[in-house]
Peer 1: 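Got a structure here, written out as structure tokens. Questions coming.
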Amino acid sequence: NSAPQPTDVSPIEVPTAVREAARAARRVTVLTGAGMSAESGVPTFRGAKGGLWEEFDPMTLASQRGWDADPDLVWAWYAWRIGLVRALEPNAGHRALARWANGGGVEVRIATQNVDDLHERAGSEVLAHVHGDLFALRCSVCGAPFEDEPEIPAEPVQRLEPPLCGECGEYVRPGVVWFGGMLPEGAFDAALDACLDADLVLVVGTSGIVYPFASLPDIARGHGVTVVEINPEDTDLSSGVDHVWRATAATALPALVE
Ligand SMILES: CC(C)NC(=O)[C@H](Cc1c[nH]c2ccccc12)NC(=O)[C@H](CCCC/N=C(/NCCC(=O)O)S[C@H]1O[C@H](COP(=O)(O)OP(=O)(O)OC[C@H]2O[C@@H](n3cnc4c(N)ncnc43)[C@H](O)[C@@H]2O)[C@@H](O)[C@H]1O)NC(=O)OCc1ccccc1
């Protein structure tokens, strides 16, 4: 639910240029990454991977090669992330975006790299999960959706056999896009159209190194759209945007939407 919570009143100052761009905007597209969910407790991709997988490269865990080599290791990692996201709540940033979209007067569209469901749980409609959805399980061979509840260990384990497909008995995998994998049908195009059709693009909590998603801010700016980065740290995108706002998602967005 997107109702403002006491913590949602953010004391921080909104840079004038950002406030003016937001005030003038009628169509806003928000591109989010792992930093959007960091203040909810979801580890970022380049942040902590969670003790048991510290020694493994996320790009190996999140790849067909990693799955083929050791499905129990990869499934255990996703089972841990499913359990973790379920136990966490949307933060003030997620709620502010939902309030903005439901507040009327401005069209807010969200395209995310995040595979969690925190935008939706905050009351937002997500235009595109460009890197898939942690909870959309399917058979790794026949592709049949897996509707049953996967067993999620109370305590994370390093290896866990994936569930078996009810159709063909093969292993079930998470509905996320692995490195080298194709994006969901139409997801990138939907995000691109929303960027080209916007009068303001906010880039929130992404390091901007995973393609093709990372190409969106440049393309938007190349089409004359104002692009603002919200990130406490410098990124590969910072030099290519109109305004950088060195702040966190859960402090900046409530202040912007207030
Ligand atoms: C790494 C990179 C070099 N590699 C790629 O980009 C590859 C290969 C590639 C394709 N085209 C290219 C062109 C050039 C170079 C390489 C390529 N891309 C692909 O493979 C893509 C598929 C990529 C999708 C992979 N799946 C993910 N996720 C799902 C899985 C899972 O989650 O397990 S990517 C995953 O990592 C990415 C993590 O990045 P961020 O979200 O930015 O998070 P990160 O941790 O990096 O940074 C967090 C940021 O938040 C900030 N922050 C922290 N706290 C806060 C806070 N509180 N508030 C605000 N900000 C905060 C930090 O400062 C930081 O800046 C996300 O996209 C996330 O979804 N597929 C593909 O292109 O298919 C067609 C194709 C295929 C083959 C060959 C050619 C074309």
Side-chain angles (χ1 to χ4, degrees), residues 7 10 12 30-50 53 56-67 73-82 84-85 88 90-94 96-97 110-119 126 128-137 173-185 187-189 191-192 202-219 228-239 241 244-256:
T7 53
S10 165
I12 69 167
V30 187
L31 304 176
T32 67
M36 180 77 224
S37 298
E39 289 152 290
S40 293
V42 181
T44 61
F45 233 71
R46 281 164 190 76
K49 279 178 289 303
W53 295 274
F56 299 97
D57 167 18
M59 283 169 60
T60 306
L61 289 168
S63 72
Q64 188 67 43
R65 192 163 34 81
W67 173 264
L73 177 76
V74 171
W75 175 252
W77 186 51
Y78 283 101
W80 169 67
R81 292 170 63 187
I82 289 170
L84 180 73
V85 170
L88 298 174
N91 62 53
H94 294 110
L97 289 178
I110 298 172
T112 187
Q113 298 168 87
N114 299 344
V115 295
D116 65 50
D117 62 348
L118 297 177
H119 280 301
V126 172
H129 277 274
V130 177
H131 294 164
D133 172 351
L134 200 49
F135 302 99
L137 306 182
R173 54 157 292 174
V176 301
V177 178
W178 282 333
F179 285 95
M182 304 312 280
L183 307 187
E185 185 64 35
F188 183 77
D189 295 344
L192 177 59
L202 293 182
V203 187
V204 184
T206 183
S207 57
I209 63 171
V210 176
Y211 284 78
F213 192 95
S215 65
L216 291 168
D218 273 358
I219 298 170
V228 171
E229 177 182 58
I230 297 175
N231 193 313
E233 289 168 27
D234 214 39
T235 73
D236 287 13
L237 300 170
S238 303
S239 57
V241 302
V244 295
W245 186 5
R246 293 278 162 262
T248 70
T251 55
L253 294 168
L256 186 63

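Just so you know, these numbers come straight off a predicted model, no measurement behind them. Atoms within a ligand are numbered from 1 in the order they appear, just like the ligands themselves.
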Peer 1: Provide the number and element of each atom of ligand 1 under 4.0 Å from a heavy atom of Gln113.
Peer 2: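 Numbered from 1, ligand 1 contributes 66 (C), 67 (O), 68 (C), 69 (O).
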Peer 1: Is it the side chain, the backbone, both or neither of Ile209 that has a heavy atom closer than 4.0 Å to ligand 1?
Peer 2: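 Contact part for Ile209 vs ligand 1: backbone (N, CA, C, O).
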Peer 1: Checking the N or O distance criterion of under 3.5 Å, is ligand 1 in contact with Ala34?
Peer 2: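 By distance alone, the answer is yes.
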Peer 1: Checking Ser63 against Thr60: is there a side-chain donor and acceptor pair closer than 3.5 Å?
Peer 2: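 Not at all, the side chains of Thr60 and Ser63 share no donor-acceptor pair under 3.5 Å.
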Peer 1: Quick check: closest heavy atoms across Gly35 and Ala249, and the distance to 0.1 Å?
Peer 2: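 For Gly35 versus Ala249, the nearest heavy atoms are O-CB, 4.3 Å.
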Peer 1: Check the orientation of His119 and His94. Use parallel for under 30°, tilted for 30 to 60°, and perpendicular for over 60°.
Peer 2: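 Rings of His119 and His94: perpendicular, as their planes differ by over 60°.
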Peer 1: Determine whether any heavy atom of Phe213 lies closer than 4.0 Å to an atom of ligand 1.
Peer 2: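 Distance cut 4.0 Å: Phe213 fails for ligand 1.
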Peer 1: So which of Tyr78, Tyr211, Trp77 gets nearest to atom 21 (C) of ligand 1, if we judge by its closest heavy atom?
Peer 2: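 Looking at heavy atoms only, the winner is Tyr211.
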Peer 1: Determine whether Thr32 and Thr206 make a side-chain contact, defined as any pair of heavy atoms from C-beta on separated by less than 4.5 Å.
Peer 2: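 When only atoms from C-beta onward are counted, Thr206 and Thr32 do not touch, as no gap falls below 4.5 Å.
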Peer 1: With heavy atoms under 4.0 Å as the rule, classify the contact between Thr206 and ligand 1 as side chain, backbone, both or neither.
Peer 2: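 The answer is both.
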Peer 1: My understanding is that we take every heavy atom of each candidate and find the minimum distance to atom 1 (C) of ligand 1. Doing that for Glu229, Glu39, Met59, which one comes out nearest?
Peer 2: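 Nearest option to atom 1 (C) of ligand 1, by heavy atoms: Met59.
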Peer 1: Below 4.5 Å, heavy atoms only, C-beta onward: do Ile219 and Leu192 meet side chain to side chain?
Peer 2: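 Yes. Closest side-chain heavy atoms under 4.5 Å.
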Peer 1: Evaluate Val115 against Asp133 for side-chain contact (heavy atoms from CB on, under 4.5 Å), listing each step before the verdict.
Peer 2: CA-CA 4 Å; Val115 295; Asp133 172 351; 5.8 Å; no
Peer 1: State whether the shortest distance between N or O atoms of Ser207 and N or O atoms of ligand 1 falls below 3.5 angstrom.
Peer 2: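 Min N/O separation from ligand 1 is below 3.5 Å for Ser207.
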Peer 1: Quick check against the 3.5 Å criterion: does Arg246 have a side-chain atom that pairs as donor or acceptor with the backbone of Asn231?
Peer 2: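 Yes, the answer is positive, given that a donor and an acceptor are paired below the 3.5 Å cut-off.
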Peer 1: Taking only heavy atoms of Thr235 into account, list the atoms of ligand 1 that are under 4.0 Å away from them.
Peer 2: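 By the 4.0 Å cutoff, the relevant atoms are 65 (O).
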Peer 1: Could you tell me if the side chain of Phe188 sits less than 4.5 Å from the side chain of Ser215, heavy atoms only?
Peer 2: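 Contact flag for Ser215/Phe188 side chains = yes.
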Peer 1: Please find the pair of heavy atoms, one from Phe213 and one from Pro217, that lie closest to each other, and give the distance.
Peer 2: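 Nearest pair, atom of Phe213 first, then Pro217: O-CD, 3.9 Å.
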Peer 1: Number the atoms of ligand 1 from 1 as they appear, then name those within less than 4.0 Å of a heavy atom of Ala38, with their elements.
Peer 2: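 Those of ligand 1 that fall under 4.0 Å from Ala38 are 54 (N), 57 (N).
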Peer 1: Is there a donor-acceptor pair under 3.5 Å between the side chain of Asn114 and the backbone N or O of Ala34?
Peer 2: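 Here the side-chain-to-backbone pair exists.
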Peer 1: Is Pro212 in contact with ligand 1, taking contact as a heavy-atom separation below 4.0 Å?
Peer 2: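 Yes, Pro212 has heavy atoms under 4.0 Å from ligand 1.
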Peer 1: Should Gly180 be counted as touching ligand 1, given the test is an N or O pair under 3.5 Å?
Peer 2: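 It does: an N or O of Gly180 is found under 3.5 Å from an N or O of ligand 1.
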Peer 1: So is Ala247 polar-close to ligand 1, meaning N/O to N/O under 3.5 Å?
Peer 2: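 No, there is no polar N/O contact under 3.5 Å.
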Peer 1: So is Asn114 polar-close to ligand 1, meaning N/O to N/O under 3.5 Å?
Peer 2: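 No - when backbone and side-chain N and O of Asn114 are compared with those of ligand 1, no distance drops under 3.5 Å.
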Peer 1: Using non-hydrogen atoms of the residue, decide whether Met36 is closer than 4.0 angstrom to ligand 1.
Peer 2: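 No, Met36 has no heavy atoms under 4.0 Å from ligand 1.
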Peer 1: Heavy atom to atom 64 (C) of ligand 1, shortest distance: which of Asn231, Val74, Thr44 holds it?
Peer 2: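 Result: the heavy atom closest to atom 64 (C) of ligand 1 is in Asn231.
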Peer 1: Give the atoms of ligand 1, by number and element, whose distance to some non-hydrogen atom of Ala62 is under 4.0 Å.
Peer 2: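 Per the distance check, 33 (O).
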Peer 1: Please determine if Val204 has a nitrogen or oxygen closer than 3.5 Å to a nitrogen or oxygen of ligand 1.
Peer 2: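 The answer is no, given that Val204 and ligand 1 share no N or O pair closer than 3.5 Å.
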Peer 1: Shortest non-hydrogen contact from Val30 to Val204?
Peer 2: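 Shortest heavy-atom contact: CG1-CG2, 3.9 Å.
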Peer 1: Is it the case that ligand 1 has an N or O less than 3.5 angstrom from some N or O of Val210?
Peer 2: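 Checking ligand 1 against Val210, no N or O pair falls under 3.5 Å apart.
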Peer 1: What's the shortest heavy-atom distance between Leu216 and Ala191, and which atoms?
Peer 2: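 In this case the closest contact between Leu216 and Ala191 is CD1-CB, 3.9 Å.
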Peer 1: Considering the heavy atoms of Gly33, write down every atom of ligand 1 situated less than 4.0 Å from one of them.
Peer 2: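 Close to Gly33: 41 (O).
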